[in-house]
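The structure under discussion appears below in the form of structure tokens.
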Amino acid sequence: MNYRGLGVGLGIVVGPVRRMFTVVPEPADEVSALSLKDERVRAREALETVAVELESRARQAGGDAADVLAAQAMMARDPDVWDDIEALLVQRKTAEWAVSQAFSAFVGMLKSLGGTQAERAADLVDVSRRTVAIIMDVPYGEIPECDEPYVLVAEDLAPADTAMLDLSCVLALVTSGGSPTAHTAILARAKGLVAVVSAAGVLDIPDGEIVVVDAAEGTIECAPDADRIAEVRERMSHEDDEGDLSDGQLSDGTAIPLLANVGSLGNVQNALAKGAEGVGLLRTEFLFFEEDVAPSVEEQTARYREILVALDGRKAVARTLDAGADKPLAFLPLGKEDNPALGVRGIRTVHKHEQLLRDQLESLSAAGSAVPSDLWVMAPMVADATEAEWFASMAREAGIRTVGVMIEVPSCAVVADQVFDAVDFVSIGTNDLTQYALAADRQNGEVAAYQDAWHPAVLRLIRMVGDAATASKKPLSVCGEAASDPLLAVILVGLGVTSLSMVPNALREVRSTLAKYSLEEARVLAAIALDARSAADARSRVRDALPRSPR
Amino acid sequence: METSEGVDVISAEVIVGSKSGLHARPAAMVVALAGTLDPPVTLRKPDGLAVNARSIVKVLSQNFCYGDLVVVEATGDGAEDSVREMAELVARELEEDDAIVDAIEASD
């Protein structure tokens with residue numbers, strides 16, 4: 001019996017299954033056989049156990065996960081929830097039923113608010129299930145003991161489930177629910193784990209059964225024979241190698257430089273260690289965020305210079321300050337906006353504060369001429385050729401030799417031919433381009449499903465920019481998240497993109513995937529994606545068109 | 001912050017200062033402070049019902065957003081101090097700087 005789902009990444013592993021239970025049986029509405037005092041103790045002790053455990057996880061987790069876990073501990077100790085539980089116990093209900101009912105009333109309330117409150121509703125469900133599982137003495141969210149590395153199988157994984165996982169013991173994550181953009185997939189990408197999500201039926205696989213999880217194929221193979229196990233083990237042993245750090249190229253030898261997105265000097269070292277050929281997006285905001293006043297030209301020059309020295313002559317594409325009502329700066333009062341994504345953002349912020357941009361360009365130029373370097377500078381959120389010309393003339397006046405713009409606004413993609421006349425290069429920010437093309441606010445969880453760069457509308461906008469790049473014989477990069485999705489990276493190249501910039505951890509898989517396709521093949525796959533009816537349809541059409549990997 | 005004294009209810013009106021509203025982390029900080037305040041405080045929207053600030057589910061259920069007006073109230077001895085402390089917290093930006101940086105990192 002094999003199972004099929006959506007693979008995250010390209011890895012393959014073999015190992016025993018360990019299931020983690022993330023649902024509990026529904027308690028029955030029946031009259032308690034115990035005294036009120038005993039039911040009260042059962043409920044109270046279970047809640048306290050959950051609170052203590054979540055607090056201890058919060059201390060060990062750190063970061064955003066710690067905040068979520070600490071808030072969950074507060075939910076277990078919530079005095080108003082307790083009042084509701086007690087009211088039900090007084091009616092002679094069982095502790096498990098009272099707990100489940102009291103929480104579910106609030107869950108409904110939070111869900112109805114949508115957005116981030118709906119995410120808190122999921123946290124509340126988790127607290128309720130943990131408590132009910134303790135009262136009823138059933139397994140829930142138990143982390144399998146680590147005796148040998150295993151394939152973790154679950155319905156879906158919440159941050160609370162994964163915060164405490166000893167990931168060194170997890171070979172792969174397999175879930176029956178979830179989606180390629182949800183928590184499990186994000187965790188898998190961040191930790192470099194093999195994962196297959198949305199694989200219906202996998203919870204039926206008994207603990208201990210040996211399975212092969214193949215993310216490239218999106219399959220879980222049960223009862224593999226000895227040859228297959230040996231073959232997969234052999235492939236796994238090579239996975240640990242630092243891997244090939246060669247420059248990015250297609251199977252026909254076409255060079256596709258692979259660069260890194262970085263936001264600080266420390267990230268540059270990491271990127272180079274992972275084989276980045278340079279920096280394709282240097283977020284300069286890091287210099288400004290913690291400051292009460294704008295840093296001086298001298299300070300900025302020194303910081304840019306450090307980065308250029310670390311890059312040792314490799315390409316560095318700096319993006320000028322990208323602030324806005326949704327990315328506020330202490331010294332740049334922008335006020336509250338009803339619609340920050342459509343407001344004063346990116347290059348628009350400096351129209352009123354031109355000196356801020358002039359200082360930054362002067363600093364970049366000074367740093368670039370002080371050390372051997374290949375410095376390119378681009379502006380974010382440019383809307384059309386006029387704005388591109390305005391920026392380009394200011395940048396060239398400051399002595400910047402290679403000037404470009406980011407195309408994130410659909411209007412700019414539509415007039416890309418005019419934009420290329422004004423600048424030396426273009427870099428596409430696919431996250432914002434997607435948000436604007438689909439008219440779906442990235443900060444609004446209710447419309448998160450629209451935020452998918454595989455959408456043919458987004459790909460067609462990219463094709464317009466790609467055609468303009470080809471006609472003008474000027475470089476075109478992508479520095480959005482799309483560049484880190486290996487298969488989408490191939491499509492982007494097929495649309496005319498000449499270099500890709502991404503989080504350093506994504507370099508290896510993108511490099512190895514690009515090496516499998518020629519430019520002609522990339523163009524064929526891109527044409528297939530452009531014809532699709534939706535993002536999901538584009539993914540599945542392209543996957544179906546791929547040659548099956550040899551067994 | 002405007003303070004007015006009713007019969008024996010001390011109240012203050014304050015604008016939510018956290019960009020992400022009283023959700024997630026800021027809500028937890030409000031509840032953590034509320035647990036230390038005696039007398040306890042309640043929070044409400046100007047036209048809403050008062051909720052116990054020690055209850056995270058109630059605070060979340062009010063969906064207080066950035067820029068919303070919140071009425072902080074308490075009664076009894078020391079109510080002024082309780083209300084003042086809570087009003088000051090609600091008015092602050094409670095997301096850490098690194099949370100903002102994270103948001104930026106994910107934003108291209």
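Hydrogens, waters and symmetry mates play no part in the numbers below; they use all other heavy atoms, side chains included. Protein chains get the first letters and strands the later ones, always in sequence-line order, with residue 1 at the start of each. The structure displayed is predicted, hence computed values, not measured ones.
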Distance check, rounded to the nearest 0.5 Å: [X] atom [atom1] versus [Y] atom [atom2]?
{"X": "B:Ser55", "Y": "A:Trp82", "atom1": "OG", "atom2": "CH2", "result": "14.5 Å"}
{"X": "A:Met74", "Y": "B:Arg54", "atom1": "CE", "atom2": "CZ", "result": "12.0 Å"}
{"X": "B:Ile56", "Y": "A:Asp80", "atom1": "CD1", "atom2": "CG", "result": "12.0 Å"}
{"X": "B:Met29", "Y": "A:Asp67", "atom1": "CE", "atom2": "CG", "result": "9.0 Å"}

(message) Could you work out, with side chain to side chain contact (heavy atoms under 4.5 Å, CB included) as the rule, every residue matching A:Ala58, not counting sequence neighbours?
(response)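 In terms of side chain to side chain contact (heavy atoms under 4.5 Å, CB included), with neighbours along the sequence ignored, A:Ala58 is linked to A:Leu69, A:Ala70.
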(message) Between B:Ala27 and chain A, with a heavy-atom cut-off of 4.5 Å, which part of the residue counts as in contact: side chain, backbone, both or neither?
(response) neither
(request) Would you name the heavy atoms of B:Leu60 and A:Leu113 that are closest together and state the gap between them? (result) O-CD1, 3.8 Å
(message) So which atom in B:Val57 and which in A:Leu110 form the shortest heavy-atom distance, rounded to 0.1 Å?
(response)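 Between these two residues, the closest heavy atoms are O-CD2, 4.5 Å.
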(request) Mark yes when over 12 heavy atoms from residues, nucleotides or ligands other than A:Asn339 sit less than 6.0 Å from its CG; otherwise mark no. (result) yes
(request) Please determine, among B:Val31, B:Val51, B:Asn63, the option with the most heavy-atom pairs under 4.5 Å with chain A. (result)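 Highest number of pairs under 4.5 Å: B:Asn63.
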